[in-house]
2 protein chains.
Amino acid sequence: MALLNENYLKLKAGYLFPEIGRRTATFAEANPEASIIKMGIGDVVRGVPRPVIEAMKQACEELAHDESFQGYPPAQGHDFLLESIAEHEFGSRGVAVATDEIFLSDGAKCDSANIQEIFAIDQIVALTDPVYPVYCDSNVMAGRTGEADHAGRYEGLVYLPCTAENGFSPALPETHVDLIYLCSPNNPTGAVMSKQVLASWVEYARREQAIIIFDSAYEAYISDPEIPHSIYEIDGAREVAIEMRSYSKTAAFTGVRCAFTVVPRQLLGSTLNGDDISLHDLWSRRQSTKYNGVSYPVQKGAAACYGPEGKAAIRDLVGFYMANAALMKKELTAAGYTVYGGDNAPYLWIVCPAGNDSWGFFDVLLQQAHVVSTPGAGFGSAGEGYVRLSAFQQRDRVHEALERIRRL
Amino acid sequence: MALLNENYLKLKAGYLFPEIGRRTATFAEANPEASIIKMGIGDVVRGVPRPVIEAMKQACEELAHDESFQGYPPAQGHDFLLESIAEHEFGSRGVAVATDEIFLSDGAKCDSANIQEIFAIDQIVALTDPVYPVYCDSNVMAGRTGEADHAGRYEGLVYLPCTAENGFSPALPETHVDLIYLCSPNNPTGAVMSKQVLASWVEYARREQAIIIFDSAYEAYISDPEIPHSIYEIDGAREVAIEMRSYSKTAAFTGVRCAFTVVPRQLLGSTLNGDDISLHDLWSRRQSTKYNGVSYPVQKGAAACYGPEGKAAIRDLVGFYMANAALMKKELTAAGYTVYGGDNAPYLWIVCPAGNDSWGFFDVLLQQAHVVSTPGAGFGSAGEGYVRLSAFQQRDRVHEALERIRRL
């Protein structure tokens, strides 16, 4: 019989979010009268902005006519969108990113899962703990780890604990690592990396000749003007960093699907023989072989995010969710909870009340408050003792959830 | 410096289609007055059918409103589309495929590149020669091969030549293989596998406990009622085959992006220890970890393909391109060319005139007839001496291209 990739069998349980979905569905089935408020998976709830919708509809109409039909997209994306990204996401912050350094995709999740493919299998990977599970699982599936221990930590990975004691800002690795996944604003802790902290990572990567995979899918949620939105705001980052962005949490594209990854031309990897090779070329080869581009109406919709009306609508959306976050942080704190995050990120990282572990408090919230959270332990062993609440809800549901949690 | 995946360096030249694009662009730049007719890459040229467009627009409008907003899609796809696929693609042909065996994706190219991930790295892969390059390159990138020889054949792969002598129907492997990629109607040769031939492959796979990866992206182009559209029309195929389909060449979705892969529940792989594991579960884990689903408006558009108006429009589109194929085959044959394919597939597989190899005749067609073809050698060493012409063009362009080729 055909042999399977046994690395998959090392994975602990299911991917986190399907597991939460299963528990929630089981509860809902047993309690059909319960009005469940979902603040777990981090999906948005408000509609896609009108200028984006109109651009998508117009693009659909273009597809209907032979004269304006669009077939296979250019490999990295249509110029109209790549140029807007270069200008509005980077140029406007004084960061030079060329259009041919931008690779569109259908999700930052996909890119962050796929990026490890272009590196050698024996490279040492550093992950924060807690961490977005995709960074970890994709490396497990590729065979870059051994088995997991009882705490769910895979042999061979370097874990960088993010705890209340270090302000959820991990210390630099004490040993050499080759690949480092960083996420700021952070999913799940809601912490952000200051310019100084990010600079220390760039310096580490330059010194160790390591590559930073920087996930800034939540950069639009930064309110503090001192916090960098792009790692390329740090001098020297272009030689050591790949950056990922997404439209999911800005233009409400969780169901529309668009994201992009920046791979600077300067970025090099090495062969065993010591030859330097462009990682941009490798990623280009990976994408042109295994991917076929983003849907045309979606690219048109994403481009509409950069017009004056699109920008204003996205500011409103982000502002709405961040007002939720502020409300949640204030009221939960007043109710006696210890709450982190929520200032520059749509996630609150909440200490479980004494006597509860993550999944235990997840169950309390689900069964007694009918609120779906995400258990911190699902993000790694240092997430034990926390749950994550997302600010992606309608205001009345947030009020209702807070009221129910207060009554616990 | 971070070490890269050196398997990528084994790949010969660029991926075929970017290379064709580069040569075409160079010619166009040097000859700005030339009216180039593209019959190379296999992209469609006619608009997306109206019922599909209207469904997509309506879905966009739904996304604009909080009440009808759609966020992250269900992992395998929305039920409305999965149910339509099960009924209209399979049920209508007497084939039972359950909705939870269908995995939507953004392209059959992506799925056919990714599917190898769930198998062990030492599995023996059989490919037809010529072959759609993605099947080969994805296995090279994964490390399942050694280096390529001077003919571009990678060490470790089992090549199954498809030649005029065997009617472009490969013989069964003489040795054991674990994974077999089959494509019918075939890209690039335009050949189709009869029920009897396909049954012999299923029998081989059952005997050798191998897995067939069956790409039927072009099944809508089958005109002969005796040719199977799905491998599951063959008894016993559910235990040995994965099947891939696409909307690219039916609903003109090359720029819209939607496809699906069927992994039957019965399909098993094995661990080294001899434990049987569901390949459905492994693929589900792969997709839920590394993928995030198809855009909602795209899923709605795909579903509209199955209404009476959608079906009629797709029949018209396919009929139009197949009339092109018939015209091309007739006229090129009359002009003295030896032409294969084109009867049950939108591709013609044309013997290069004496004294021309594939890339040589590609250049003749480009430079003298201003027609872009695809050199057969780009699909493998047994493709040397052929070019592929696609029937995906407007009728007047087809006439013009044929006229120019006749004048050569």
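Below, read A as the first sequence line, B as the second, and so on, with proteins coming before strands; counting in each chain starts at 1.
- Side-chain contact check for B/Tyr321 versus B/Val45: some heavy-atom pair is nearer than 4.5 Å.
- Most heavy-atom pairs under 4.5 Å with chain B: of the set A/Ile121, A/Leu268, A/Val298, this distinction falls to A/Leu268.
- Of the listed residues (A/Cys110, A/Ala113, A/Ala2), the one with the most heavy-atom contacts under 4.5 Å to chain B is A/Ala2.
- Within the 4.5 angstrom heavy-atom criterion, only side-chain atoms of A/Asn114, from C-beta onward, approach chain B.
- For the set B/Ile211, B/Val44, B/Asp281, B/Asn7, the count of heavy-atom pairs under 4.5 angstrom toward chain A peaks at B/Val44.
- Top candidate by heavy-atom pairs under 4.5 Å with chain A, chosen from B/Gln299, B/Arg286, B/Glu67, is B/Arg286.
- Only the backbone of B/Gln70 has a heavy atom closer than 4.5 Å to any heavy atom of chain A.
- With a threshold of 4.5 angstrom between heavy atoms, B/Asp106 approaches chain A through side-chain atoms but not through N, CA, C or O.
- A salt bridge is defined here as a Lys NZ or Arg NE, NH1 or NH2 lying under 4.0 Å from an Asp or Glu carboxylate O, and B/Glu54 with B/Arg50 meets this definition.
- For the residue pair A/Asp111 and A/Ser105, a side-chain donor N or O sits within less than 3.5 Å of a side-chain acceptor on the partner.
- Classified by interplanar angle (parallel below 30°, tilted 30° to 60°, perpendicular above 60°), the ring pair B/His78/B/Phe80 is parallel.
- Here B/Gly293 is the residue among B/Gly293, B/Ala210, B/Cys258 with the most heavy-atom pairs under 4.5 Å with chain A.
- Counting heavy atoms from C-beta on, the side chains of B/Gln76 and B/Trp283 never come closer than 4.5 Å.
- Across A/Ala313 and A/Pro49, no two heavy atoms sit closer than the pair CB-CB, 3.5 Å.
- Contact annotation for B/Tyr8: only side-chain heavy atoms (C-beta onward) come within less than 4.5 Å of a heavy atom of chain A.
- The part of B/Gln116 that comes within reach of chain A is its side chain, from C-beta onward, which places non-hydrogen atoms under 4.5 angstrom from that chain.
- Interface residue A/Asn292: backbone and side-chain heavy atoms are both found under 4.5 Å from chain B.
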Requested in this report: Start with the C-alpha distance between B/Asn273 and B/Asp275, add both sets of side-chain angles, then the distance that settles side-chain hydrogen bond (donor to acceptor under 3.5 Å, both in side chains), and finish with yes or no.
Outcome: CA-CA 6 Å; B/Asn273 285 341; B/Asp275 294 331; 5.2 Å; no

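- Contact tally against chain A (heavy-atom pairs below 4.5 Å) for B/Ser284, B/Ser248, B/Cys60, B/Ser270: the top residue is B/Ser270.
- At a 4.5 Å heavy-atom cutoff, B/Ile124 makes no contact with chain A through either its backbone or its side chain.
- Of all the listed residues (B/Gly301, B/Gly274, B/Ala120), the one sharing the greatest number of non-hydrogen pairs under 4.5 Å with chain A is B/Ala120.
- For A/Tyr204 against A/Val177, the heavy-atom pair with the smallest separation is OH-N, 3.2 Å.
- Between A/Arg285 and B/Lys12, the shortest heavy-atom distance links the atoms NH2-O, 3.7 Å.
- Of the two parts of B/Ala59, neither the backbone nor the side chain holds a non-hydrogen atom closer than 4.5 Å to a non-hydrogen atom of chain A.
- Ranked by heavy-atom pairs under 4.5 Å with chain B, the first of A/Ser138, A/Ala252, A/Pro297 is A/Ala252.
- Taking the centre and axis of the six-membered ring of A/Phe69, the NZ or CZ atom of B/Arg46 falls outside the cone set by 45° and 6.0 Å.
- Ring orientation note: the planes of A/Tyr247 and A/Phe253 are tilted relative to one another, at an angle of 30° to 60°.
- Annotation: maximal heavy-atom pairing with chain B below 4.5 Å, among A/Asp122, A/Thr271, A/Val52, occurs at A/Thr271.
- By number of non-hydrogen pairs under 4.5 angstrom with chain B, the leading residue of A/Gly269, A/Ala75, A/Gly71 is A/Gly71.
- With sequence neighbours left out, B/Gln209 forms a side chain to side chain donor-acceptor pair (under 3.5 Å) with no residue at all.
- Residue with the most contacts toward chain A among B/Leu272, B/Ile41, B/Leu279: B/Leu272 (heavy-atom pairs, distance under 4.5 Å).
- Within the 4.5 angstrom heavy-atom criterion, atoms from both the backbone and the side chain of B/Val256 approach chain A.
- Ranked by heavy-atom pairs under 4.5 Å with chain B, the first of A/Val240, A/Asp178, A/Leu63 is A/Leu63.
- For B/Ser390, the side chain to side chain contact (heavy atoms under 4.5 Å, CB included) partners are B/Tyr347, B/Phe392, not counting sequence neighbours.
- For B/Gln394, the part sitting under 4.5 Å from any heavy atom of chain A is the side chain, from C-beta outward, and nothing else.
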